[in-house]
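Take this structure, written in structure tokens, and hold onto it; I'll ask about it next.
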Amino acid sequence: MPLRQKRMGMPMNDQLSKYLEGAGRVAVAGHTRPDGDCVGSCLALYAYLKENYPKLTVDVYLENVPDAYCVLEDSRIVITDGRDAQPYDVFFALDASDKERLAGAVKYFDKAKKTVCIDHHISNPGYGDENVVYPKASSTCEVLATLMDLDNISVKVAEALYVGIICDTGCFKHSNTGEQTMNIAGKLMRLGVDFSRLTDEVFYQKTYTQNQLLGRCLLESFLMFSGKCIISVADRKVMDFYKAKSSDLEGVIDQMRVTKGVEVAVLLTEIGELSYKVSMRSNTFVDVAKIAGHFGGGGHIRAAGCSMSGTKYDVINNLTRLIEEQLKNHD
Ligand code: AMP
Ligand code: MN
Ligand code: MN
């Protein structure tokens, strides 16, 4: 019995079947603190495999899915606990630029018979047995779409892919948006994706807490280097006051980035004692992936991040030294 299944009498024609030969148990996992592309790609792959390879057992491992992405069907099937499963035949790592970013799922990656890494981060070293890493793609969802038979996907799969694409492209406005992105998005629309509703619910709608935090971060932000760099810190006190999670800050850095005259935006979130999550964005020339890479993080030229320890003053000093260097070299 061939593994490749047929739907509606149409033969499947995808690039994923070659990774699934002889497989019975499959794991799908994304990166720590999952964003829309991470959740979208994991749920799209899950639904696609369940629909087209019904004999497979598929487990999805993610940390807590932020509420905004729970509009996607299947968000409840995600496994967040650290259960000890038998080794998987195939482990798909999605949107995770390095193995450690898989957080709690690393143990399944290490024991899996075959690992497949699907990603779009320039800093990805290709840590899987098989690697499909396209740094020019807007999102992991875009890469994943190129591996699927898009003529034979359900609306559920299409919506999950669409959500990932809009989240990583800022609704098709970031410079990572390309011709292929738009072609795929067009195909997803044709399949019946409710794009207006999804765009509002996933991207624009904010809780009251999120709006308050946005205001607070903008109020407390400051400019450096003649207004070319904007920095803000969401410290524990502020986060606790609003009872906020770090995912409640989604979108704050994007508003900082569009401040007139700004080239680099930096948002620090205090995630533990003397420990900060660093988010960086640039507009035209500063390579923030290089700066994040210097501190053990990664990402893309225009959007990157890392974790850093020390006081907020240490962190800001260390980051701004490298930012200033790039700003000076450009003058
Ligand atoms: P964020 O600012 O969290 O939205 O992240 C922007 C980009 O940087 C994303 O593509 C992330 O994958 C990447 N990134 C963020 N934090 C890290 C980190 N600690 N290590 C590697 N990449 C990161
Ligand atoms: Mn991501
Ligand atoms: Mn991504």
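All residue numbers refer to positions in the sequence shown, counting from 1. Counting convention: from 1, in listed order, for ligands and their atoms alike.
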Could you see if Tyr242 belongs to whatever hydrophobic cluster contains Val233? Use Ile, Leu, Val, Met, Phe, Trp, Tyr and a side-chain cutoff under 4.5 Å.
no

Return the residue, atom name and 0.1 Å-rounded distance of the protein heavy atom closest to atom 19 (N) of ligand 1.
Cys306 CA, 3.4 Å

Single-linkage hydrophobic cluster Tyr61~Tyr69, side-chain heavy atoms < 4.5 angstrom:
no

Which option wins on minimum heavy-atom distance to atom 11 (C) of ligand 1: Arg101, Glu250, Met280, His300?
Arg101

Answer yes or no for Lys277: is there a heavy-atom contact with ligand 1 below 4.0 Å?
yes

Could you walk me through whether Asp74 and Lys156 pass salt bridge (charged side-chain N to carboxylate O under 4.0 Å, His left out), step by step?
CA-CA 9 Å; Asp74 290 336; Lys156 180 155 87 171; 3.2 Å; yes

Salt bridge (charged side-chain N to carboxylate O under 4.0 Å, His left out) between Lys290 and Asp287, worked out:
CA-CA 6 Å; Lys290 198 168 159 195; Asp287 181 347; 5.9 Å; no

If we only consider heavy atoms of Arg281, is any one of them less than 4.0 Å away from an atom in ligand 1?
yes

Pair Asn283-Glu263, side chain to side chain donor-acceptor pair (under 3.5 Å): steps then yes or no:
CA-CA 5 Å; Asn283 276 318; Glu263 169 58 19; 5.0 Å; no

Starting from the Mn ion (ligand 3), count all protein N, O or S atoms within a radius below 2.8 Å.
4

I'd like to know whether the aromatic ring centres of Tyr108 and Phe91 sit less than 6.0 Å apart in this structure.
no

For atom 12 (O) of ligand 1, what's the nearest protein heavy atom and its distance?
His121 NE2, 2.9 Å

of all protein heavy atoms, closest to atom 7 (C) of ligand 1 is Ala303 O, 3.5 Å

Assigning hydrophobic clusters by single linkage (Ile, Leu, Val, Met, Phe, Trp, Tyr; side-chain heavy-atom cutoff under 4.5 Å), is Val28 placed with Leu62?
yes

Are Met239 and Met256 grouped together when hydrophobic residues (ILVMFWY) are joined by side-chain heavy atoms under 4.5 angstrom apart?
yes

Measure from atom 1 (P) of ligand 1 to every heavy atom in Ser97, Ala304, Ser279 and give the option owning the shortest one.
Ser279

For atom 21 (C) of ligand 1, grab the closest protein heavy atom and report residue, atom and distance to one decimal in Å.
Gly298 N, 3.1 Å

Can you check whether Tyr88 and Phe109 have ring centres sitting under 6.0 Å from each other?
no

Matching residue for Gln255 among Thr259, Val252, Ile253, Val258 - test: side chain to side chain contact (heavy atoms under 4.5 Å, CB included):
Val258

Checking a contact table here: which protein heavy atom is nearest atom 15 (C) of ligand 1, and how many Å away?
Gly305 CA, 3.4 Å

